[in-house]
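These notes are about the structure you will find just below.
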Amino acid sequence: MAIKLFQLASTSSSISDTNYFTTVTASTPIAVNASATWSAARWSTGSGATLTGFATPGVDGKYQMFINGVLQQSTNVTVVTDSSVHFVNNGTATYTIASGTPITLTLGKLGSTGRVAVP
């Protein structure tokens, strides 16, 4: 039998998430210390609706990017809520996001209190 060391519990009234999806249509190389910008119109919601902007995370939210199912470091992605997503290359070599690659952008938000308690 496993011992329960601690339990995380949200003190907020709700936890919500918003997902946006796209598939790369043309390979996108990103040079060192450069970025690529994709407008909100390239993304869609789970229901297939095209976007004009992204939801604002507020103080209790966080964006996470998954490229081909792999979570990306937060320093590699910047979301401009009213217009676009910037892919940033802070590395030492050019990288390419290949054509056909699925990308998911997820915004997770706690409810009104925005706290997590460790009882």
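Given the structure is predicted, the values throughout are model-derived calculations rather than measurements. The chain is numbered in sequence order, starting from 1.
In terms of heavy-atom proximity, Ala55 sits nearest to Thr81 at O-CG2, 3.5 Å. Across every non-hydrogen atom of Thr50 and Ala41, the tightest pair is CG2-O, 3.5 Å. The heavy-atom pair separating Ser27 from Ser99 by the smallest distance is OG-N, 3.2 Å. The shortest heavy-atom contact between Thr94 and Pro29 is CG2-CB, 4.3 Å.
Note that OG1 of Thr106 is 9.0 Å distant from CE of Met65, once rounded to the nearest 0.5 Å.
Judged by distance alone, with hydrogens and angles left aside, the side-chain atoms of Asn19 form no donor-acceptor pair with the main-chain N or O of Thr45 at under 3.5 Å. Under a 3.5 Å cut-off, the side chain of Gln64 and the backbone N or O of Lys62 do not form any donor-acceptor pair. The backbone N or O of Phe66 sits nowhere less than 3.5 Å from a side-chain atom of Thr104 that would complete a donor-acceptor pair.
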- Query: So Phe21 and Trp43, ring pair (Phe, Tyr, Trp, His ring centres under 6.0 Å) or not? Walk me through it.
  - Reply: CA-CA 5 Å; Phe21 306 95; Trp43 299 79; 8.7 Å; no

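Residues Ser44 and Thr22 fail the side-chain proximity criterion, which asks for heavy atoms closer than 4.5 Å. Under the 4.5 Å side-chain criterion, counting only non-hydrogen atoms from C-beta, Val24 is in contact with Trp38. Put simply, the side chain of Val77 does not reach to within 4.5 Å of the side chain of Tyr63, judged on heavy atoms. The closest side-chain heavy-atom distance from Ile30 to Ile97 is below 4.5 Å. Looking at heavy atoms from C-beta onward, Val85 lies in side-chain contact with Phe54 at the 4.5 angstrom threshold. Here the side chains of Leu105 and Val79 are in contact, with some heavy-atom distance below 4.5 Å.
Each of Asn76, Ile103, Thr78, Thr28 was checked for a side chain to side chain contact (heavy atoms under 4.5 Å, CB included) with Phe87, and the lone residue meeting it is Ile103.
Ser35 and His86 share no side-chain donor-acceptor pair at under 3.5 Å.
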